[in-house]
**Student:** 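Okay, here's the structure, questions in a sec.
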Amino acid sequence: MADMSWGCGLCQLLAGGALLALLVQLVRWLRADGDLTLLWAEWRGKKPENELRGKVVWVTGASSGIGEELAYQLSKIGALLAISARREDELERVKKKCLQISNLTEKDILVLRLDLTDRSSHEAATNSVIKHFGKIDVLVNNGGRSQRSLFMDTNLDVYSAIMELNYLGTISLTKHVLKHMIERKKGKIVTVSSVMGIMGAPLASGYCASKHALQGFFNSLRTELTDYPEISIINICPGPVQSKIIQNVFTENLSKSLENSGDQSHKMPTDRCVRLTLVSTANNLKESLDQRPPPTWPICYLWQYAPTWAWWLMNRMGKRRIQNFKSGVDADASYLRKLK
C-alpha cells in the first residue's frame, strides 16, 4: 500500500509540474512579441553583434522604415553596408547618420540607387556591390509597398504593380545575388515578408497575395538548396510596424494616395522589429513571427492551426475594419482595438 501511495504521489507531482510548465509557457506566449523559437534564440542563441560584424549586408528599401532602421543597427554592429532604394538623396541621409553613430568609414557604406521594378538593372547592381566589397554575405529583401483598398474598387493595374514590386522585383534581385552565393557556397537571403503572408485581411488582398507569393517562393527555394547547407533562406513575418509604409500604400488606382496614415502607437516599434530580424538572421531561423502582444497573436496561431475559427473571427473583425476605412478612420488601429 505504501508503494502505491508513493506512486500516486509521484504521478500527481509530475502532473502538477507539467501543468505549471504549460501555464508558464502560456503566460510567456501571451506576453511575447515574437514566436517562442525566436525569443529563445534571442535569449540563448547567437548574437547579431558576433555573427554580423564585418559581414557585407545589402539592404533594399533602406531609405525609410524597417530598412532605414536596419541600416542604423547594422552599422552599430559593424557590418559593411550596401543600402538601396529609389530615392538616392534619402539614402545619403541614412548613410550620413550611419557614419555618425558607428565606427564605419565612407568606403564601408555603399549607396546604390535601385528600382526593384526595373529588373534589367539588377545584374549590374549586384555586380556593383560585389566590385565594391568583393562579396555579399547577406541580402535583406525589404523593399516593397502595402495596400489599402477594396478589391471591387481597385483597378487591376494596382495588382500588377504590387506583384511586380513586392514579388517579381524581389525574386529577380535574389536570383542574381544567389548566383554569387552559390559560387561561394555560403550566404543568407533574408526576406521581410509579413503576417499577411500567412493569413488574410480585408483591404489588403493584393498585398496579401504578394506576401503569400514570397512565402511560397522562398519556402520552395529552400528545398532546392539542400546541396548548399551554408546558404540560409530566412523569412521574417512582422505584424503592424511603426513606419512610413502606410503613407505610400497602393489604393484604388496608381495615381491615388492614402489621405490619412492614422495613429501608429498600437504597432510594434521599428527598432524592436529590426532587432528581432537581426536575431533571426544571426540564428538562421527559417521563419519568424514578430509583432506586439495580444490581441494579434491568437489570430496568427488560429490561421496556422484552426483556420475555420480564424475565418469566422476575421469575418467579424473585417466587417468593422471595412466600415472604419470607409468612414476615414484609421482601419488598423480601430481593428486592433476591437480585438481587445
**Student:** Would you mind telling me which of Leu81, Leu110, Val111, Asp108 makes a side-chain contact (heavy atoms from CB on, under 4.5 Å) with Lys95?
**Tutor:** Val111
**Student:** Can you check whether Leu276's main-chain N or O pairs, donor with acceptor, with Asp290's side chain at less than 3.5 Å?
**Tutor:** no
**Student:** For the residue pair Phe250 and Tyr159, is the inter-centroid distance of their aromatic rings smaller than 6.0 Å?
**Tutor:** no
**Student:** With side-chain contact (heavy atoms from CB on, under 4.5 Å) as the test, pick out the partner of Cys273 among Leu278, Ile66, Asp33, Ile236.
**Tutor:** Ile66
**Student:** Could you check whether Lys97 pairs with Glu68 (Lys NZ or Arg NE/NH1/NH2 to Asp/Glu carboxylate O, under 4.0 Å)?
**Tutor:** no
**Student:** After noting the C-alpha distance and the side-chain angles of Lys286 and Asn235, does the key distance pass the side chain to side chain contact (heavy atoms under 4.5 Å, CB included) rule?
**Tutor:** CA-CA 6 Å; Lys286 293 179 175 63; Asn235 294 336; over 6 Å; no
**Student:** Which heavy-atom pair separates Ser146 from Ile162 by the least distance, and what is that distance?
**Tutor:** O-CD1, 4.1 Å
**Student:** Is there a side-chain contact between Tyr167 and Leu214 (heavy atoms, below 4.5 Å)?
**Tutor:** yes
**Student:** Is it the case that the side chain of Asn166 and the backbone of Arg145 share a donor-acceptor pair, with hydrogens and angles ignored and the cut-off at 3.5 Å?
**Tutor:** yes
**Student:** Would you say that more than 12 heavy atoms from the other residues, nucleotides or ligands in this model lie under 6.0 Å from the CZ of Arg184, or not?
**Tutor:** yes
**Student:** State, yes or no, whether a side-chain contact exists between Val57 and Leu80 at a heavy-atom distance under 4.5 Å.
**Tutor:** no
**Student:** With the 4.5 Å side-chain cut-off for hydrophobic clustering, are Phe151 and Val249 part of the same group?
**Tutor:** no
**Student:** Minimum heavy-atom separation for Leu112 to Ala125, with atom names?
**Tutor:** CD2-O, 3.5 Å
**Student:** So does Arg113 have more than 12 non-hydrogen atoms from other groups sitting under 6.0 Å from CZ?
**Tutor:** yes
**Student:** Taking it one step at a time, do Ser288 and Asp35 satisfy side-chain hydrogen bond (donor to acceptor under 3.5 Å, both in side chains)?
**Tutor:** CA-CA 7 Å; Ser288 63; Asp35 66 78; 5.0 Å; no
**Student:** Would you mind telling me which of Val177, Ile189, Leu178 makes a side-chain contact (heavy atoms from CB on, under 4.5 Å) with Ile136?
**Tutor:** Val177
**Student:** For the CG atom of Leu225 and the CD1 atom of Ile182, what is their distance to the nearest 0.5 Å?
**Tutor:** 6.0 Å
**Student:** Nearest heavy-atom pair of Val192 and Pro238: which atoms, and what distance?
**Tutor:** CG1-CG, 4.1 Å
**Student:** Counting only heavy atoms not in Asn103, do more than 12 sit closer than 6.0 Å to its CG atom?
**Tutor:** no
**Student:** Within the 3.5 Å criterion, strictly below it, is a donor on Ser75 or Gln73 matched to an acceptor on the partner's side chain?
**Tutor:** no
**Student:** Tell me, do Thr281 and Leu52 make a side-chain contact under 4.5 Å, heavy atoms counted?
**Tutor:** yes
**Student:** Run the side chain to side chain contact (heavy atoms under 4.5 Å, CB included) check on Thr37 and Leu285 step by step: do they pass?
**Tutor:** CA-CA 8 Å; Thr37 301; Leu285 301 186; 4.2 Å; yes
**Student:** Salt-bridge test for Glu90 and Arg93: reply yes if a basic N is under 4.0 Å from a carboxylate O, no otherwise.
**Tutor:** yes
**Student:** Working to the nearest 0.5 angstrom, can you tell me the gap between Leu165 CG and Asp115 CG?
**Tutor:** 8.0 Å
**Student:** Look up atom OG in Ser172 and atom CD in Glu123, then write down how far apart they are to the nearest 0.5 Å.
**Tutor:** 9.5 Å
**Student:** Could you pull out the closest heavy-atom pair between Lys185 and Ile231, with the gap in Å?
**Tutor:** C-CG1, 4.1 Å
**Student:** Quick one: pull up OG1 in Thr277 and CD in Glu69 and give me the separation to the nearest 0.5 Å.
**Tutor:** 10.5 Å
**Student:** About how many Å separate CD1 of Ile233 and OG1 of Thr191, when rounded to the nearest 0.5 Å?
**Tutor:** 7.0 Å
**Student:** Which heavy atom in Met314 sits nearest to a heavy atom in Gly200, and how many Å separate them?
**Tutor:** CE-O, 2.8 Å
**Student:** Do Leu156 and Met152 sit in one hydrophobic cluster, given that two such residues count as connected whenever their side-chain heavy atoms are within less than 4.5 Å of each other, even indirectly?
**Tutor:** yes
**Student:** Roughly how far, to the nearest 0.5 Å, is the CZ atom of Arg44 from the CG atom of Leu39?
**Tutor:** 14.5 Å
**Student:** Applying side chain to side chain contact (heavy atoms under 4.5 Å, CB included), run through Lys319 and Gln323 and close with a yes or a no.
**Tutor:** CA-CA 6 Å; Lys319 184 176 181 179; Gln323 290 173 347; 3.9 Å; yes
**Student:** Taking Asn142 for its side chain and Val59 for its backbone only, find out whether a donor-acceptor pair lies under 3.5 Å.
**Tutor:** no
**Student:** Quick one, Cys208 and Gln147 - any side-chain contact, counting heavy atoms below 4.5 Å?
**Tutor:** no
**Student:** Going by heavy atoms in the side chains, are Ile83 and Trp58 under 4.5 Å from each other?
**Tutor:** no
**Student:** Do the side chain of Arg321 and the main chain of Met317 share a donor and acceptor less than 3.5 angstrom apart?
**Tutor:** no
**Student:** Check the pair Lys46 / Asn50 against side chain to side chain contact (heavy atoms under 4.5 Å, CB included), numbers first and verdict last.
**Tutor:** CA-CA 7 Å; Lys46 299 176 181 177; Asn50 299 330; over 6 Å; no
**Student:** Asn155 versus Leu254: any side-chain heavy-atom pair under 4.5 Å?
**Tutor:** no
**Student:** Please check if any side-chain donor atom of Ser220 sits under 3.5 Å from a side-chain acceptor atom of Arg222, or the reverse.
**Tutor:** no
**Student:** Does the side chain of Lys55 reach to within under 4.5 Å of the side chain of Lys188, using non-hydrogen atoms?
**Tutor:** no
**Student:** Could you tell me which non-hydrogen atom of Gly197 sits nearest to which non-hydrogen atom of Ser193, and how far apart they are?
**Tutor:** CA-OG, 4.3 Å
**Student:** Take Glu164 and Arg119, measure what salt bridge (Lys or Arg N to Asp or Glu O under 4.0 Å) needs, and give me the verdict at the end.
**Tutor:** CA-CA 9 Å; Glu164 185 67 45; Arg119 286 181 266 152; 2.8 Å; yes
**Student:** Decide side-chain hydrogen bond (donor to acceptor under 3.5 Å, both in side chains) for Ser149 and Glu252; before the verdict, give the C-alpha distance in whole Å, the side-chain angles of both, and the deciding distance to 0.1 Å.
**Tutor:** CA-CA 6 Å; Ser149 60; Glu252 291 90 346; 5.6 Å; no
**Student:** So do the side chains of Asn141 and Phe218 get within less than 4.5 Å of each other, counting heavy atoms only?
**Tutor:** yes
**Student:** Who passes side chain to side chain donor-acceptor pair (under 3.5 Å) against Glu42, sequence neighbours left out?
**Tutor:** Arg272
**Student:** Can you tell me if His180 uses its side chain to pair, donor with acceptor, with the backbone of Lys135 under 3.5 Å?
**Tutor:** no
**Student:** Are Trp309 and Trp312 close enough that their ring centres sit under 6.0 Å apart?
**Tutor:** no
